[in-house]
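All remarks here apply to the structure that follows.
Counting starts at 1 for both ligands and their atoms, in listed order. Not measured: the values here are computed from a predicted model.
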Amino acid sequence: MIQFHDVSKRYKRKSVLNPFSLTVKEGSAVGIIGPNGAGKSTFLKLVASLERPSNGTVSFFGESYEKAIRRVRAEIGYVPQEIALYEELTVKEQLSFWRKIEPVEVDEAFLNEMIQTLRLNEVWDQRIDRLSGGWKRKVNICVGMLKNPSICLLDEPTAGVDLAAKEDIIGWLRKLHQEGRTLLYISHDWYELKQLSDEYMVFASGKPVFQGSERRLLEEKSNLMNSYKGDHELTRILQYV
Ligand SMILES: Nc1ncnc2c1ncn2[C@@H]1O[C@H](COP(=O)(O)OP(=O)(O)OP(=O)(O)O)[C@@H](O)[C@H]1O
């Protein structure tokens, strides 16, 4: 449903993603792992169309980006790794600000469920700059998912969140997936990924080097470790698989 064909990405002279081709299937829940700096976040930004490829093409729903742009804006939700919030607003003000600029009308039932799941009513009238990192993270998730997206992109959404809240978030994301949404999810927590994913992508040296089921990843694990012997962080990550 989202197809990358010979895509690469560079920033000025720095090559960040080397040419790769892959397909993200509709309804899949894809756990993305890989060492720091391997290009995972850049890949997710390309899926979100927040970045455009330097070379190659990305097509959405069987159409070119240019043709699919309205659907891309309406259906793809993105939760960035960075906290992208206005610090001086309360949680309530923050959400009402962002919902005004959403390209689609916000579904009240979905929004209420998200507020309940993330327990945001507990901090409803507090300013963002007075909240702990974990609460900010949860507001960040809520803002990124406001449009009730059919394709949900989440870049380390649970970093800094306490265990109970993590369970709430993972349980909720599982439910979204069971309802038929597509999930692409970056995490350094294998336990978390295992609860969510029906497919994995492994990034190393600026490209996806594996895409497939957990069973296939277990089969390929030692080959990957051999192929990227010098990449100690990748070896360490794969040891947990
Ligand atoms: N806007 C940018 N300009 C220049 N270089 C960038 C930019 N964004 C990312 N990079 C570089 O691209 C490389 C890949 O970054 P990216 O954030 O995609 O990796 P990552 O796998 O998500 O890492 P992490 O796990 O640390 O988040 C890094 O070397 C990073 O410094």
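- With a 6.0 Å radius and a threshold of 12 heavy atoms from other residues, nucleotides or ligands, Y65 has its OH atom above the threshold.
- Protein residues are said to neighbour a ligand when one of their heavy atoms lies under 4.0 Å from it; for ligand 1 these are Y11, K14, V16, P35, N36, G37, A38, G39, K40, S41, T42, Q81, E156, H188.
- The backbone N or O of D231 sits nowhere less than 3.5 Å from a side-chain atom of R236 that would complete a donor-acceptor pair.
- Sorted by first then second residue, the ring pair (Phe, Tyr, Trp, His ring centres under 6.0 Å) pairs that include residues 158-187, not counting sequence neighbours, number zero.
- Residues satisfying the ring-ring contact (aromatic ring centres under 6.0 Å, His included) criterion with W190, sequence neighbours excluded, are Y200.
- Proximity of L111 to M114: side-chain heavy atoms (C-beta onward) are separated by under 4.5 Å at one or more points.
- Partners of E214 under the side-chain hydrogen bond (donor to acceptor under 3.5 Å, both in side chains) rule, at least two apart in sequence or in another chain, are K194.
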